[in-house]
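Only one structure is covered here, and it is reproduced in the block below.
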Amino acid sequence: MEQVIQALSTKLSSDQISSNDTVKELHSKDETYHQTSMPDVVVFPKSTEEVSFIIEVAQKFQTPVTPFGVGTSLEGHVIPYQKGITIDFSLMNQILEIKESDLLVKVQPGVTREQLNKELKKYGLFFTVDPGANATLGGMAATNASGTTTVKYGVMRDQVRDMEVVLADGSVIHTGNLAAKSSSGYHLNGLFIGSEGTLGCFTELTLQVYGIPEHIVAARATFPSLTNAIEAVTSILHAGIPIARVEFVDEASVTQINKFSETDYPTKPTLFLEFHGNASGLQEDLAFSQEIMQDHGCDNFSSETDTAARNHLWDARHNLAYAYIHGHVGKKMMLTDVAVPISELANSVIYAGEELEKLQIPGGILGHVGDGNFHSLIMIDMENEEEVKKAKQFNEKVVRYALERGGTCTGEHGVGIGKKPYQRLEHGAALDVMINIKKALDPNNILNPSKIVDVDNRVNL
């Protein structure tokens with residue numbers, strides 16, 4: 001490692017290279033329960049050229065490289081289990097170009113979602129993907145993030161037109177173009193998005209953005225049971241109402257919201273909703289949705305058009321994970337992340353709720369149920385081996401239930417190490433194709449090794 005650091009020092013300044021234990025510790029974890037592991041060195045590039053140089057050095061010395069945004073990942077993606085170099089992209093945080101007439105923006109990977117939207121607002125535009133956390137756009141592309149607005153606008157993969165990627169040999173490629181569609185060649189955008197740094201490091205992203213809707217209405221609806229709430233969502237989707245967000249939160253989670261956000265919402269299964277459009281159309285959509293929900297037993301419905309009130313409602317939802325963390329000091333968060341076909345959603349959520357109740361461990365169920373994606377959030381004592389074991393068994397039950405019904409082990413958080421054990425079960429022989437792609441693009445396995453797929457036996461996780 002001394003040779004690696006010496007080589008890095010030939011082109012990077014001393015303040016771009018850190019072996020400080022505090023800095024390394026900050027890059028040893030993400031926001032969940034996964035075991036920590038410190039890198040040997042953390043580097044802070046400022047340009048594509050510097051990223052290329054770092055990877056060339058890593059290749060020369062066969063040193064693992066782990067990309068790092070702000071550490072909000074939830075399946076251990078940024079944890080360097082084979083140590084080596086962590087590349088922190090926080091200094092590559094420039095919005096390079098806003099092509100207003102094309103509804104496109106070009107950014108560096110360290111730009112955060114909130115930073116981008118603050119700048120886009122000046123142009124009457126916004127970026128749609130909203131995973132809740134103020135994640136970097138490079139990290140969001142790496143995990144194919146989605147979130148609350150997916151039901152209307154799609155996931156990260158739907159928003160990326162082009163990426164600049166540094167490959168394992170230090171060479172630089174572009175994966176797309178600025179056109180709205182193309183039938184030319186393999187779909188490299190789709191390949192690299194969601195690859196979690198295992199195939200290359202992103203240094204620029206060209207993203208699709210949208211005009212800020214003329215009118216926005218947020219709403220909150222409560223139901224007598226979980227089943228009523230989920231079936232109401234299914235009916236709204238079947239009715240073709242162009243809803244922008246629809247989030248489910250169970251009673252236990254509403255309790256945590258009330259404590260943390262100082263709200264007084266009824267402790268019942270609750271839907272948080274949002275509608276985008278013009279004034280007259282929104283009123284029709286809102287009235288139709290309310291009628292459908294009442295057919296499914298909705299006992300309280302309220303809506304907000306005021307910006308501050310809408311933001312307060314969504315802040316309460318977005319802060320739910322932190323509400324659980326603050327409400328259970330000393331425990332770690334496990335967040336399951338399955339997605340199922342809409343027809344299987346109600347039964348899947350009911351099954352997860354019944355299994356969670358058996359655990360007798362603090363937790364709740366929430367999710368972006370408009371696209372069939374839901375989460376079970378569990379607060380576990382990592383010192384209690386039996387509790388950890390029970391939580392992992394619960395996670396496996398929920399994943400297997402989803403896979404058996406044509407779903408996926410991760411709807412938006414990504415694979416990392418947490419969902420790696422289920423890759424063969426979900427993909428079958430297609431996993432071998434993924435392994436072959438990894439070997440072709442990264443033959444020495446230096447790019448975020450041990451994540452998504454195993455190509456050798458160097459690490460058992």
Side-chain angles (χ1 to χ4, degrees), residues 132 147-152 217-258 261 263-275 285-304 310 313-314 316-321 323-324 335-357 363-378 398 401-402 405 407 411-412:
T148 60
T149 59
T150 303
V151 64
K152 180 175 177 67
V217 178
R220 180 174 50 82
T222 61
F223 295 82
S225 74
L226 179 154
T227 304
N228 291 106
I230 301 300
E231 290 181 347
V233 173
T234 303
S235 295
I236 289 171
L237 296 174
H238 284 171
I241 299 171
I243 195 164
R245 308 187 201 216
V246 55
E247 301 285 300
F248 170 78
V249 178
D250 71 358
E251 301 101 306
S253 299
V254 173
T255 298
Q256 293 300 321
I257 286 174
N258 286 338
S261 299
T263 51
D264 59 353
Y265 300 146
T267 52
K268 293 183 176 183
T270 301
L271 295 179
F272 291 81
L273 309 101
E274 191 167 277
F275 302 82
D285 291 341
L286 196 64
F288 192 13
S289 297
Q290 186 173 358
E291 182 181 329
I292 290 172
M293 287 185 282
Q294 287 173 343
D295 288 342
H296 288 280
C298 175
D299 50 27
N300 182 275
F301 181 90
S302 61
S303 61
E304 301 284 357
R310 286 192 289 102
L313 184 147
W314 286 109
R317 166 62 185 90
H318 283 327
N319 289 327
L320 181 53
Y324 268 102
L335 197 60
T336 69
D337 170 42
V338 298
V340 295
I342 293 297
S343 61
E344 297 287 350
L345 180 60
N347 286 337
S348 299
V349 173
I350 291 167
Y351 172 79
E354 291 172 348
E355 292 298 319
L356 181 59
E357 191 172 346
I365 296 178
L366 57 144
H368 322 305
V369 289
D371 53 21
N373 184 198
F374 70 94
H375 312 295
S376 304
L377 192 156
I378 312 171
V398 173
Y401 187 95
R405 284 151 184 82
E412 60 183 356

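Please read these numbers as outputs of a predicted model, since none were measured by experiment. Throughout, residue positions are numbered sequentially from 1 according to the sequence presented.
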pair S235-D295: side-chain heavy atoms closer than 4.5 Å | no

Can you check whether G297's main-chain N or O pairs, donor with acceptor, with N228's side chain at less than 3.5 Å?
-> no

For T263, check side-chain hydrogen bond (donor to acceptor under 3.5 Å, both in side chains) against everything at least two apart and list the hits.
-> N258

Nearest heavy-atom approach of I342 to G370 is CD1-O, 3.7 Å

Is the backbone N or O of N373 less than 3.5 Å from a side-chain atom of H368, with the two atoms forming a donor-acceptor pair by type?
-> no

Here the pair of heavy atoms bringing R310 nearest to A218 is CG-CB, 3.6 Å

Can you tell me if Y324 and S253 form a side-chain donor-acceptor pair at under 3.5 Å?
-> yes

With the threshold set at 4.0 Å, does a side-chain nitrogen-carboxylate oxygen contact exist between K268 and D299?
-> yes

Might you work through the side-chain contact (heavy atoms from CB on, under 4.5 Å) test for I292 and I241, ending with a clear yes or no?
-> CA-CA 11 Å; I292 290 172; I241 299 171; 3.9 Å; yes

Closest approach of A352 to V398 (non-hydrogen atoms, all atoms of both residues) = CB-CG2, 4.3 Å

Quick one: CD on E304 to CG on L313, what's the gap to the nearest 0.5 Å?
-> 7.0 Å

Any luck finding a side-chain donor-acceptor pair between E274 and W314 under 3.5 Å?
-> yes

Is the backbone N or O of E412 less than 3.5 Å from a side-chain atom of D337, with the two atoms forming a donor-acceptor pair by type?
-> yes

Option from V349, D250, I257, L377 for which side chain to side chain contact (heavy atoms under 4.5 Å, CB included) with L366 holds = L377

Please determine, by modelled atom types, if E247 and H318 share a side-chain donor-acceptor pair under 3.5 angstrom.
-> no

Donor-acceptor contact below 3.5 Å, side chain T222 vs main chain T270 | no

Close side-chain approach of N347 to Y401, heavy-atom, < 4.5 Å = yes

Atom pair OG/CD of S302 and Q290 - distance to nearest 0.5 Å = 9.5 Å

Less than 4.5 Å apart, any side-chain heavy atom of F301 and any of S289?
-> no

Side-chain H-bond candidate by donor/acceptor type, R245 with T148, under 3.5 Å = yes

Separation between CD1 of I378 and CG of L335, rounded to the nearest 0.5 Å = 9.0 Å

Distance (rounded to the nearest 0.5 Å) between Q294 CD and F223 CZ = 9.5 Å

Between T234 and V369, does a side-chain contact (heavy atoms from CB on, under 4.5 Å) hold up when you go through it step by step?
-> CA-CA 9 Å; T234 303; V369 289; over 6 Å; no

Just one of I236, L273, D371 clears the side chain to side chain contact (heavy atoms under 4.5 Å, CB included) bar with V246, so which one?
-> L273

Under 4.5 Å between any side-chain heavy atoms of K152 and I243, yes or no?
-> no

Residue pair A402 / V340: nearest heavy atoms and the distance that separates them | CB-CG1, 3.7 Å

Interatomic spacing from CD in Q256 to CG in N319 - rounded to 0.5 Å = 12.5 Å

Closest non-hydrogen atom pair between L356 and G363, with its separation = CD2-C, 3.9 Å

Do Y265 and R220 have side-chain heavy atoms sitting under 4.5 Å apart?
-> yes

Atom CZ of F248 and atom CD1 of I230: how far apart are they, to the nearest 0.5 Å?
-> 5.0 Å

Over all heavy atoms of both residues, which pair between A229 and L271 is shortest? Give the atoms and the distance, please.
-> O-CD1, 3.8 Å

